[in-house]
Colleague: 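My structure is below; once you've seen it, I'll send some questions.
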Amino acid sequence: MPKNYSCFPEIYDLVQEIPAGEVASYGMVASLITGATARIVGYAMAATPSGKDIPWQRVINAAGKISDRDGAARHRKYLEQEGIIFSKSGAVSWATCRWQGPSEKWLDAHKIDFMDFLEIQANWPGKPK
DNA sequence: CTTCTGACGAAAT
DNA sequence: CATTTCGCCAGAA
């Protein structure tokens, strides 16, 4: 497994914008960060520094499932404690708990035009009507 | 340079 | 739904 990517700090910064009770996919996070891909975000979560208040558990895969290896059960438990509901097949409902995106403050700080953001957001999973 | 390997994703079956 | 296939991309060996 790789070690350090230059975009990790930015990824962590964005993940901290996700509130309890909501979840995002690796791809969603990557879509807002230049140079990042869903895979890179996955690596970042695996290397999340402990004790820095980074809600890594709120980032799951595009299928709405936990794609963890060993700590899958623990991962799911954390989310359930935050109010996330899992279906019988083990997936969350994007329509009800999907993160809607970062604050405008974050977008501004990272120089992302709001209209561009809306375009990106429109392609996120489980498009809420 | 080549090959392998992922906390991934989308499309096809 | 679940599985398979292929695309993806930066490190490690």
Side-chain angles (χ1 to χ4, degrees):
Chain A
M1 28 200 296
K3 46 177 186 177
N4 283 356
Y5 285 87
S6 57
C7 55
F8 276 13
E10 199 175 352
I11 290 174
Y12 296 137
D13 191 42
L14 178 57
V15 170
Q16 288 188 316
E17 290 271 310
I18 308 172
E22 294 180 24
V23 291
S25 70
Y26 298 99
M28 281 169 61
V29 174
S31 71
L32 293 173
I33 297 178
T34 305
T37 65
R39 220 162 197 135
I40 303 294
V41 174
Y43 291 144
M45 295 303 96
T48 300
S50 58
K52 307 222 171 185
D53 192 34
I54 297 171
W56 57 270
Q57 72 275 20
R58 295 174 196 151
V59 184
I60 60 183
N61 65 37
K65 296 182 177 179
I66 308 288
S67 49
D68 213 351
R69 36 189 206 237
D70 303 321
R74 190 189 86 227
H75 188 164
R76 174 169 169 162
K77 203 172 213 174
Y78 279 139
L79 291 178
E80 291 179 322
Q81 287 175 0
E82 298 182 346
I84 301 298
I85 306 298
F86 288 83
S87 70
K88 189 173 282 184
S89 64
V92 304
S93 166
W94 288 120
T96 63
C97 62
R98 198 199 72 187
W99 181 47
Q100 298 305 108
S103 62
E104 283 196 49
K105 180 182 176 184
W106 191 94
L107 291 174
D108 189 58
H110 291 265
K111 294 164 184 160
I112 295 178
D113 181 73
F114 190 66
M115 294 311 269
D116 290 338
F117 164 65
L118 290 181
E119 183 102 319
I120 293 170
Q121 184 192 49
N123 292 315
W124 281 357
K127 305 174 185 176
K129 53 181 176 177

Colleague: Measuring from the side chain of A:Ala46 (C-beta onward, heavy atoms only), which nucleotide among C:dG7, B:dG9, B:dA7 has the closest atom?
Modeller: B:dA7
Colleague: Between A:Tyr78 and A:Arg58 (side chain of the first, backbone of the second, donor and acceptor by atom type, cut-off under 3.5 Å), is there such a pair?
Modeller: no
Colleague: Which atoms of nucleotides 1-5 of chain C (N or O only) lie under 3.5 Å from a protein N or O atom, and what are those distances?
Modeller:
{"from": "C:dA2", "atom 1": "OP2", "to": "A:Lys65", "atom 2": "NZ", "distance (Å)": "2.6"}

Colleague: Choosing from B:dA7, B:dG9, C:dC8, which nucleotide comes nearest the side chain of A:Asn61?
Modeller: B:dG9
Colleague: How long is the line joining CH2 of A:Trp124 and C1' of B:dC8, in whole Å?
Modeller: 16 Å
Colleague: Please report, rounded to the nearest Å, how far the C1' atom of C:dC9 is from the OH atom of A:Tyr43.
Modeller: 8 Å
Colleague: By salt bridge (charged side-chain N to carboxylate O under 4.0 Å, His left out), which residues pair with A:Glu104, not counting sequence neighbours?
Modeller: none
Colleague: In whole Å, I'd like the distance from the OH atom of A:Tyr26 to the C1' atom of C:dA10.
Modeller: 18 Å
Colleague: CZ of A:Phe8 to CE of A:Met45: how many Å apart, nearest 0.5 Å?
Modeller: 8.0 Å
Colleague: Whole angstroms only, please: what is the CZ-P distance between A:Arg39 and C:dC8?
Modeller: 12 Å
Colleague: How many whole angstroms separate atom CE of A:Met45 from atom C1' of B:dC8?
Modeller: 13 Å
Colleague: Can you tell me how the ring of A:Trp99 sits relative to the ring of A:Trp124, calling it parallel under 30°, perpendicular over 60° and tilted otherwise?
Modeller: parallel
Colleague: Looking at A:Ser67, I'd like to know whether one of its side-chain N or O atoms comes within less than 4.0 Å of OP1 or OP2 on B:dC8.
Modeller: yes
Colleague: Determine whether more than 12 heavy atoms belonging to other residues, nucleotides or ligands lie under 6.0 Å from atom CD of A:Gln81.
Modeller: yes
Colleague: Among all residues two or more places apart in sequence or in another chain, which pass the side chain to side chain contact (heavy atoms under 4.5 Å, CB included) test with A:Lys52?
Modeller: A:Pro49, A:Ile54
Colleague: Return the set of residues passing side chain to side chain contact (heavy atoms under 4.5 Å, CB included) with A:Ser103 (not counting sequence neighbours), or none when no residue passes.
Modeller: A:Glu17, A:Lys105, A:Trp106
Colleague: Report yes if the side chains of A:Ile66 and A:Leu79 come closer than 4.5 Å at any heavy-atom pair, otherwise no.
Modeller: yes
Colleague: Give me the distances for all protein-to-nucleotides 11-13 of chain B N/O pairs that come in under 3.5 Å?
Modeller:
none

Colleague: Counting heavy atoms from C-beta on, name the nucleotide in B:dG9, C:dA10, B:dG6 closest to the side chain of A:Ala38.
Modeller: B:dG9
Colleague: Can you sort out the partners of A:Arg76 under salt bridge (charged side-chain N to carboxylate O under 4.0 Å, His left out), two or more places apart, ordered by chain and number?
Modeller: A:Glu80
Colleague: A:Phe86 versus A:Lys65: any side-chain heavy-atom pair under 4.5 Å?
Modeller: no
Colleague: Side chain of A:Ala62: nearest nucleotide among C:dG7, B:dA10, B:dA7?
Modeller: B:dA10
Colleague: Which whole-number value in Å describes the distance from A:Met28 CE to B:dG9 C1'?
Modeller: 14 Å
Colleague: In whole Å, I'd like the distance from the CD1 atom of A:Ile33 to the C1' atom of C:dA10.
Modeller: 16 Å
Colleague: So which nucleotide from C:dC9, B:dA7, B:dC8 ends up closest to the side chain of A:Thr37?
Modeller: C:dC9
Colleague: Given the C1' atoms of B:dA7 and C:dA13, what is the spacing between them in whole Å?
Modeller: 23 Å
Colleague: To the nearest Å, how far apart are A:Ile40 CD1 and C:dG7 C1'?
Modeller: 14 Å
